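Below: the structure, in structure tokens.
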Amino acid sequence: MANFTPQPSCADAHEPNSLTVSQATQRITDRVSPITRSESRPLRESLDYVLDEDIISPINVPPHNNSAMDGYAIHGADISGDCFSLTQVGVAFAGQPFSGTINRGECIRIMTGAMMPDECDTVIMQEHVEVSDSLITIHGQHRQGQNVRLAGEDLTKGDIVLNAGHKISPADLGLIASLGIAELVVKQKLKVAFFSTGDELRSLGEQLEPGQIYDSNRYTLHGMLSHLNVDIIDLGVVADQKQALREALQHASQQADVVLTTGGVSVGDADYVKEMLEELGQVDFWKIAMKPGRPLAFGTINDTLFFGLPGNPVSVMVTFYQFVQPALQNLSGEHAPLQQLMQVNCISPIRKRAGRFEFQRGILFQNEQGITQVKTTGEQGSGILRSMSIANCFILLDEQCDGIEPNTLVTVQPFSGLI
Ligand code: AMP
Ligand code: MG
């Protein structure tokens, strides 16, 4: 695959040679094509999988005209003024159709979902009917054809019901079941491997020596990946040593479609990720005019996609959400879902300089009038993971924005369950 040369951009006068967020997104999109591995799965085990075939309706849904109400099936032509009588000659239940003949002036009792007799085209709700033995008297205004669900009104035989590339939701499971389809051809799950880099990192259960911290990035990554339908391969912590990194990257790339690392992509003396990636594969290293999450390495090792995320815990989550998640969606074959953005009033003042895109952590809430507004979580340092924990959205402040006065309309990206 061709290597990208980061092009100078005017994204930020203070940070020459940096890409804008949308340029970086575009470059990743250009590089990713959907996996071709597919498999057949039972319907019930296909939730959150991506369809690899169109679902075409083999039948009409509903398969027959049926009653939308509990009441009486009549000849519409018998409707006469706002009070008329008919003779009841039978009953139809859901699953037990009436098999006799219904002449003009006659009707049957019919339950919701029961098949309409051929002769009848109209259902009168039982609330509008007075019953005296087999004679029923109908009151009120009625319209021919009312309260009947027509065959094929939901889906017609031969319709494309869902397209390849659609991710199966609970509603889809029901929809597909209503067609009588028990097996689906779906894309296989992606395999995503990740490890943290840093000599200072210790895993949970280990004793912290001076200068050491617990590794939190593997936990946030594990959490975010768990909300996507992927196989997760956690490869632990890797030291800031070239050989250790080389081996870890080789090992990871051999077993995964995507490898994620955190840390070691800056310009510090122990930041070897970029160098190792250059040796093993192809690398684009970007400074992105964004905050947080400025450095990002992206590339390939053989057929495996690689994302070297920054080390700071908030930067990891922001870059995952903005770049890795959409790439995983593309790779999984899922059609790009609509971005869920909202415009709401921000009650906090926000200081910002023009030039880079900021993803401030925000809290969407409802004021006393029930109107949705947003405020910032306060301190926005890229190491302050608590700000992600209490936030439920990003406040998107684009390159041009140079600060927000209280009560200004801002664009907000709700976390929608992933973070
Ligand atoms: P680096 O990009 O490797 O220089 O890391 C930037 C900052 O993020 C440093 O303060 C690191 O200690 C911190 N950091 C890196 N990786 C992790 C991690 N897995 N968990 C928590 N903090 C981390
Ligand atoms: Mg480091």
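The structure presented is a predicted model; accordingly, all values stated were derived computationally and were not measured. All values below were derived from every heavy atom in this structure, side-chain atoms included, with hydrogens, water molecules and symmetry-related copies excluded. Atoms within each ligand, like the ligands themselves, are counted from 1 in listed order.
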*asked:* Quick check on contacts: which atoms of ligand 1 are under 4.0 angstrom from a heavy atom of Ser196?
replied: 19 (N)

*Is there a heavy atom of Ser216 sitting under 4.0 angstrom from any atom of ligand 1?*
yes

*Between Gln23 and Thr20, is any side-chain donor less than 3.5 angstrom from a side-chain acceptor?*
yes

*Mind checking whether Val237 contacts ligand 1 via backbone (N, CA, C, O), side chain (CB onward), both or neither, at a 4.0 Å heavy-atom cut-off?*
neither

*Are Gly264 and ligand 1 in contact, using a heavy-atom cut-off of under 4.0 Å?*
yes

_Element-labelled atoms of ligand 1 that are located less than 4.0 Å from some non-hydrogen atom of Asp215_ = 18 (C), 19 (N), 20 (N)

*Hey, is Glu200 touching ligand 1 through its side chain, its backbone, both or neither, going by heavy atoms under 4.0 Å?*
side chain

*Go through ligand 1 atom by atom and flag the ones less than 4.0 Å from a non-hydrogen atom of Tyr214.*
20 (N), 21 (C)

*asked:* I'd like the name of whichever of Asp271, Asp240, Thr197, Asn312 reaches closest to atom 10 (O) of ligand 1 through any heavy atom.
replied: Asn312

*Where is the tightest heavy-atom contact between Thr304 and Ser253, given as atom of each residue plus distance?*
OG1-O, 2.9 Å

*Can you tell me how far CG of Leu397 sits from CZ of Arg353, rounded to the nearest 0.5 angstrom?*
14.0 Å

_Proximal ligand 1 atoms for Gly263, defined as those under 4.0 Å from one of its heavy atoms_ = 2 (O), 3 (O)

*Would you kindly check if the NZ (Lys) or CZ (Arg) of Arg361 is within the cone defined by 45 degrees around the ring axis of Phe394 and under 6.0 Å from the six-membered ring centre?*
no

*Passes ring-ring contact (aromatic ring centres under 6.0 Å, His included), His142 versus His128? Steps please.*
CA-CA 10 Å; His142 300 283; His128 296 146; 5.2 Å; yes

_Arg218 to Phe195, cation-pi by 6.0 Å centre distance and 45° axis angle_ = no

